[in-house]
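Not measured: the values here are computed from a predicted model.
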Amino acid sequence: MLRQVSFGPFTLDAETRQLLRDPERVPVHLSPKAYDLLCVLVETRPKAIAKADLHERLWPSTFVSDATLASLIAELRDALGERGREARFIRTVHGFGYAFAAVARETQERPVTPIAHWIICNGREKALGDGDHVIGRDADVAIPLPSPTVSRRHAKIVVAGAVATLEDVGSKNGTYVRGHAVTSPLQLTDGDEIRIGAFQLTFRTAGGGGSTATEHR
């Protein structure tokens with residue numbers, strides 16, 4: 001079973017379900033199915049896997065067209081930086097399936113992500129580790145904001161390595177970033193101001209490249 005595998009400028013970390021790019025260990029975005037496909041290819045390297053076997057691994061007991069598998073392969077190649085007919089990482093076995101083509105090595109140490117995130121509210125700082133951080137009026141949430149203008153579970157910040165996203169979770173008064181309502185998951189950048197009810201929160205990250213200019217609502 002995979003734990004952590006390095007190849008080229010990338011590290012595949014199965015424990016955090018992340019593909020990281022060296023040297024800063026920056027997460028590379030992959031859809032869940034594309035990530036699963038990469039894990040299967042790396043785990044069975046250098047053996048080529050038939051398309052039928054990949055379908056069974058990724059979509060057991062479900063009919064999915066070969067076009068869907070091909071689109072995942074294209075997503076992987078784009079994320080890994082392959083261009084044109086280059087097959088540095090993913091090799092097409094024509095009339096059969098696919099194989100992982102790069103030299104990979106398993107590592108024991110977890111990658112260290114030097115980027116840290118935190119929220120500032122009323123002069124107080126709250127560190128944000130990997131995972132979900134719910135913001136709301138309830139006392140048991142990660143970031144409690146005691147005010148009737150805040151819903152019990154108002155919003156949440158999801159941290160995955162260097163990436164932090166903000167989601168509104170059905171609040172009554174809405175969640176705002178840079179003066180705009182958050183209607184879908186939004187990736188936060190250093191210095192973003194978040195308005196939740198009567199509260200103004202500031203998102204900071206140690207790896208940020210300066211504050212983002214804020215639009216006041």
Colleague: Measure the shortest side-chain to side-chain distance between Ile196 and Ile135 over non-hydrogen atoms and say whether it is less than 4.5 angstrom.
Modeller: yes
Colleague: Provide the closest heavy-atom pair for Ala79 versus Arg21 in the form atom of the first, atom of the second, distance.
Modeller: O-NH2, 3.5 Å
Colleague: Looking at CD1 of Ile90 and CG of Leu72, how far apart are the two atoms once the value is rounded to the nearest 0.5 Å?
Modeller: 11.0 Å
Colleague: Could you pull out the closest heavy-atom pair between Asp130 and Gly161, with the gap in Å?
Modeller: OD1-N, 3.0 Å
Colleague: Under 3.5 Å, sequence neighbours excluded: what are the donor-acceptor pairs made by side chains of residues 141-156?
Modeller:
| unit_1 | atom_1 | unit_2 | atom_2 | d |
| --- | --- | --- | --- | --- |
| Ser147 | OG | Thr149 | N | 3.2 |
| Ser147 | OG | Thr149 | OG1 | 2.8 |
| Thr149 | OG1 | Ala198 | N | 3.0 |
| Ser151 | OG | Lys172 | N | 3.0 |
| Arg152 | NE | Asp138 | OD1 | 3.4 |
| Arg152 | NH2 | Asp138 | OD1 | 3.2 |
| His154 | ND1 | Ser151 | N | 3.0 |
| His154 | NE2 | Ser171 | OG | 3.2 |
| His154 | NE2 | Gly174 | O | 2.8 |

Colleague: Around atom CG of Asn122, are there more than 12 heavy atoms of other residues, nucleotides or ligands at under 6.0 Å?
Modeller: no
Colleague: Over all heavy atoms of both residues, which pair between Gly129 and Val159 is shortest? Give the atoms and the distance, please.
Modeller: O-CB, 3.3 Å
Colleague: Checking Lys33 side chain against Leu58 main chain: does a donor-acceptor pair fall under 3.5 Å?
Modeller: yes
Colleague: Taking atom types as modelled, find out whether Glu75 and Ser31 have a side-chain donor-acceptor pair closer than 3.5 angstrom.
Modeller: yes
Colleague: Looking at Thr205, Ile119, Leu188, Val158, which hits side chain to side chain contact (heavy atoms under 4.5 Å, CB included) with Leu128?
Modeller: Ile119
Colleague: Would you find a donor on one side and an acceptor on the other, under 3.5 Å apart, between the side chain of His55 and the backbone of Val64?
Modeller: yes
Colleague: Below 4.5 Å, heavy atoms only, C-beta onward: do Glu43 and Cys39 meet side chain to side chain?
Modeller: no
Colleague: Grouping I, L, V, M, F, W and Y whenever their side-chain heavy atoms are under 4.5 Å apart, do Leu30 and Val163 come out in a common cluster?
Modeller: no
Colleague: Write down the atom of Phe100, the atom of Ala104, and the distance for their closest heavy-atom approach.
Modeller: CE2-CB, 4.1 Å
Colleague: Is there a side chain to side chain contact (heavy atoms under 4.5 Å, CB included) between Thr175 and Arg195? Walk through the geometry before answering.
Modeller: CA-CA 6 Å; Thr175 302; Arg195 181 178 175 184; over 6 Å; no
Colleague: Do Arg77 and Thr92 make a side-chain contact, defined as non-hydrogen atoms from C-beta onward lying under 4.5 Å apart?
Modeller: yes
Colleague: Does Thr44 use its side chain to pair, donor to acceptor, with the backbone of Val40 at less than 3.5 Å?
Modeller: yes
Colleague: Is there a donor-acceptor contact under 3.5 Å from the side chain of Glu82 to the main chain of Arg88?
Modeller: yes
Colleague: State, yes or no, whether a side-chain contact exists between Leu41 and Tyr98 at a heavy-atom distance under 4.5 Å.
Modeller: yes
Colleague: Rounded to the nearest 0.5 Å, what separates atom OG1 in Thr189 from atom CZ in Arg204?
Modeller: 10.5 Å
Colleague: Would you say the side-chain atoms of Gln4 pair up with the backbone N or O of Leu12, donor to acceptor, closer than 3.5 Å?
Modeller: no
Colleague: Would a distance-only check, ignoring hydrogens and angles, find a side-chain to backbone donor-acceptor pair under 3.5 Å from Arg57 to Leu54?
Modeller: no
Colleague: With distance as the sole criterion, is a donor-acceptor pair present between the side chains of Gln200 and Glu193 under 3.5 Å?
Modeller: yes
Colleague: What is the minimum heavy-atom distance between Ala34 and Leu76, and which atoms define it?
Modeller: O-CD2, 3.4 Å
Colleague: Please work out whether the ring planes of His117 and Phe203 are parallel, tilted or perpendicular, with thresholds of 30° and 60°.
Modeller: parallel
Colleague: Could you go through Thr202 and Ile194, starting from their C-alpha distance and side-chain angles, then the distance that decides it, and tell me whether this counts as side chain to side chain contact (heavy atoms under 4.5 Å, CB included)?
Modeller: CA-CA 6 Å; Thr202 303; Ile194 305 167; over 6 Å; no
Colleague: Trp59, Ile49: one ILVMFWY side-chain cluster at the under-4.5 Å cut-off?
Modeller: yes
Colleague: Can you tell if the side chain of Phe10 reaches within under 4.5 Å of the side chain of Leu20, non-hydrogen atoms only?
Modeller: no
Colleague: May I have the step-by-step check of side chain to side chain contact (heavy atoms under 4.5 Å, CB included) for Leu38 and Leu19, ending in yes or no?
Modeller: CA-CA 9 Å; Leu38 180 59; Leu19 176 65; 4.1 Å; yes
Colleague: Can you check whether Leu37 reaches Tyr35 side chain to side chain, under 4.5 Å on heavy atoms?
Modeller: no
Colleague: How close do Pro9 and Phe89 get, heavy atom to heavy atom, and via which atoms?
Modeller: CD-CZ, 4.1 Å
Colleague: Could you grab the distance from atom CG of Leu201 to atom CH2 of Trp118, nearest 0.5 Å is fine?
Modeller: 14.5 Å
